[in-house]
Amino acid sequence: MKVFLQTFGCQMNLADSEEMFAHLHARGAQRALSPDEADVILVNTCTVREHAEHRAVSFLGRLAKWKQQKPGRRIIFAGCAAQRLGEGLKKEFPFLDLVSGAKKIDDFGRLLDASGLFPPQQETLPPQQEGLTGYVTIMRGCDFRCTYCIVPSVRGPVKCLPAQEILQQTAQKAAQGAKEIMLLGQTVNAYKDGDVSFADLLNRVSEVPGVERVRFMSPHPAYITPDFLAAVRHNPKIARHIHLPIQSGSTKVLQEMKRGYTRQMLLEKLAALQECGITVSTDIIVGFPTETEQDFEDTLTLVDKARFFAAYCFKYSPRQGTPAAQMPQLGQDVLEQRLDILLNKVRDLSALAYAQQVGTRQQVLMEEENKGRSSNNFWVKTAKNYKIGSIVDVEIARADGTLLFAKE
Ligand code: 5AD
Ligand code: SF4
């Protein structure tokens with residue numbers, strides 16, 4: 001049995017796909033590199049914006065033909081869109097074999113067995129960790145209730161994994177060649193297990209033999225605490241890059257989004273991060289229902305002040321059942337216009353950030369023999385060749401677009 005994984009959405013979904021694959025692997029499955037050679041396609045889906053859900057559902061629609069081409073083929077539809085749309089999907093897509101919503105991930109093995117479509121579980125080693133980055137999910141779900149967001153309803157409340165289990169998984173990935181550990185969670189820095197805080201966990205994970213660097217995704221600004229900043233200052237293994245979604249630069253909109261912080265608080269936190277030498281990338285939503293021209297202007301001026309490394313910009317998308325979807329909506333033309341203006345502003349941010357690295361010293365984790373990534377997340381090309389997986393200390397001689405060149 002060969003399984004092809006088709007994942008839509010975030011880093012968390014990629015990790016979830018691997019976790020679901022591990023259950024299939026324990027039932028005798030191998031990885032397929034294309035749908036053509038696969039007996040099973042696992043579609044792991046996203047519903048954060050309407051467009052993401054459309055893509056997942058239309059992909060499913062196109063699988064009707066794939067399924068007919070060979071008897072015994074199976075389709076599993078999993079993740080956030082599967083959670084939202086539920087078993088009802090089987091009416092529209094009768095060829096669909098199994099629906100497994102995002103809340104069911106812990107139950108996936110049992111679901112496979114209950115379906116009777118797969119062989120029973122055997123004693124097997126987990127699939128081999130690939131590449132230099134080991135992904136470890138440390139928490140799932142979200143306890144915030146941002147008014148635009150569907151995630152809490154499809155993923156449920158926060159559940160943190162025990163720290164011991166996270167350390168074991170980290171050790172296993174490091175033993176299989178991971179040099180960098182990426183900790184994952186919807187609000188990853190809200191992590192807590194008894195008296196183990198997120199800052200403690202970062203330190204403990206970085207102490208696991210073989211771990212050279214620790215990253216995490218996606219943090220919430222409310223949990224950028226003095227405790228966290230202290231951990232970063234003292235521990236060079238914590239990466240000097242953070243992807244911190246701000247969503248808006250207007251205090252009024254942030255309040256209406258129920259984000260739990262103001263523009264002023266954001267500016268203070270961003271300054272503290274920059275003081276630690278951390279580069280920041282972000283997510284921004286334009287056209288939230290109550291966003292005025294002035295509110296949008298506040299987002300633009302915040303972008304000017306913040307010196308982001310990159311900003312991913314989204315048009316607000318109403319999600320069924322969320323409070324913001326009940327509010328009077330702005331016109332699509334306004335959303336498009338604002339997105340256009342913001343995109344023009346953020347287009348050159350990365351090139352600018354790259355240019356500013358010239359003259360600095362960076363620790364580069366070599367992902368190829370002559371190319372790697374610095375702790376603050378820039379791509380660096382080296383003059384000499386090095387062992388893949390080693391960390392080299394270099395001075396940055398010049399920048400060309402989104403590539404730095406080292407002089408050694
Ligand atoms: N509309 C537009 N963008 C959204 N995001 C989350 N919900 C919505 C929505 N309803 C964006 C946020 C989040 C990113 C993953 O998706 O910016 O950080
Ligand atoms: Fe959604 Fe807000 Fe939770 Fe992030 S913090 S997943 S935006 S509700």
Side-chain angles (χ1 to χ4, degrees), residues 11 14-15 128-136 170-171 173-184 188 201-219 228-229 231-244 270 273-282 307-312 348-408:
Q11 207 64 249
L14 284 169
Q128 173 71 28
Q129 141 80 26
E130 277 172 31
L132 294 177
T133 307
Y135 295 87
V136 180
T170 300
K173 306 237 174 211
Q176 292 184 339
K179 299 283 176 209
E180 175 179 89
I181 296 294
M182 170 78 95
L183 304 178
L184 296 173
V188 71
L201 187 73
L202 284 174
N203 285 330
R204 290 211 201 166
V205 166
S206 75
E207 282 158 14
V208 171
V211 174
E212 303 285 354
R213 192 177 275 173
V214 186
R215 298 185 184 277
F216 51 87
M217 185 108 137
S218 286
F228 163 77
L229 292 166
V232 175
R233 271 188 217 105
H234 293 119
N235 187 345
K237 288 190 181 175
I238 302 174
R240 265 47 186 165
H241 168 255
I242 187 169
H243 181 73
L244 187 69
L270 290 169
L273 291 168
Q274 267 151 13
E275 239 164 66
C276 296
I278 294 184
T279 57
V280 184
S281 54
T282 197
R307 287 183 284 132
F308 291 118
F309 166 77
Y312 300 90
D348 299 327
L349 282 182
S350 286
L352 202 72
Y354 269 80
Q356 281 166 350
Q357 297 302 303
V358 175
T360 63
R361 287 206 82 83
Q362 299 295 338
Q363 308 270 309
V364 182
L365 173 58
M366 301 306 291
E367 298 199 10
E368 295 167 24
E369 281 184 339
N370 62 355
K371 193 176 165 193
R373 227 147 29 99
S374 65
S375 176
N376 55 358
N377 216 23
F378 294 91
W379 281 106
V380 182
K381 190 132 186 176
T382 54
K384 297 184 208 150
N385 281 359
Y386 296 94
K387 198 169 149 239
I388 292 174
S390 61
I391 295 210
V392 292
D393 182 81
V394 297
E395 187 184 328
I396 304 304
R398 67 186 177 91
D400 186 358
T402 50
L403 191 57
L404 298 176
F405 291 84
K407 101 175 130 199
E408 306 115 83

J.: Rounded to the nearest 0.5 Å, what separates atom CZ in F308 from atom OG1 in T279?
T.: 11.5 Å
J.: How many angstroms lie between atom CD of Q357 and atom CG of N377, to the nearest 0.5 angstrom?
T.: 10.5 Å
J.: Just by modelled atom types, is the V232 backbone N or O under 3.5 Å from a matching donor or acceptor in the R240 side chain?
T.: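 Pair found, side chain donor or acceptor close to backbone of V232.
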J.: Taking the side chain from Y354 and the backbone from W379, do they hold a donor-acceptor pair closer than 3.5 Å?
T.: yes
J.: Could you grab the distance from atom OG1 of T170 to atom NZ of K173, nearest 0.5 Å is fine?
T.: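 Atom-to-atom, T170:OG1 and K173:NZ are 9.0 Å apart.
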J.: Measure across S374 and Q362 and return the closest heavy-atom pair with its distance rounded to 0.1 Å.
T.: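 Residues S374 and Q362, closest heavy atoms: CB-OE1, 3.8 Å.
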J.: If I compare all heavy atoms of L132 with all of E367, which pair ends up nearest, and what's the gap?
T.: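 Closest approach of L132 to E367: CD1-CA, 3.7 Å.
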J.: Are any non-hydrogen side-chain atoms of L403 and K371 less than 4.5 angstrom apart?
T.: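 In contact.
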J.: Do Q176 and Q128 have side chains that get closer than 4.5 Å, going by heavy atoms?
T.: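 The answer is yes, as the side chains (C-beta and beyond) meet within the 4.5 Å cut-off.
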J.: Give, for atom CG of L202 and atom CG of L183, the distance between the pair rounded to the nearest 0.5 Å.
T.: 6.0 Å
J.: Under the side chain to side chain donor-acceptor pair (under 3.5 Å) rule, collect the residues that match up with Q129, sequence neighbours excluded.
T.: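 By the side chain to side chain donor-acceptor pair (under 3.5 Å) rule, Q129 matches no residue at all.
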J.: Flag the pair R373 / E180 as yes when at least one side-chain heavy-atom distance between them is below 4.5 Å, and no otherwise.
T.: yes
J.: Just how far is it from atom CG of L404 to atom OG1 of T360, taken to the nearest 0.5 Å?
T.: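 It is 7.0 Å, given to the nearest 0.5 Å.
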J.: For N235, enumerate each residue passing the side chain to side chain contact (heavy atoms under 4.5 Å, CB included) test, keeping only those at least two apart in sequence or located in another chain.
T.: N203, S206, K237, I238
J.: Looking at OG of S375 and NE2 of H241, how far apart are the two atoms once the value is rounded to the nearest 0.5 Å?
T.: 10.5 Å
J.: Please report the shortest heavy-atom distance between N376 and G277, naming the atom on each side.
T.: CB-O, 4.5 Å
J.: Quick one: does T402's side chain have a donor or acceptor within less than 3.5 Å of a partner on A351's backbone?
T.: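 Flag not set: sc T402 to bb A351 has no pair under 3.5 Å.
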J.: Locate the shortest heavy-atom distance separating A383 from E408; write the atom from each residue and the value.
T.: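 It is N-OE2, 2.8 Å.
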J.: Whether the side chain of T282 engages the backbone of L244 through a donor-acceptor N/O pair (distance < 3.5 Å, no angle test) should be reported.
T.: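 Yes, the answer is positive, given that a donor and an acceptor are paired below the 3.5 Å cut-off.
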J.: Using side-chain heavy atoms (C-beta onward) and a distance below 4.5 Å, is V188 in contact with M217?
T.: no
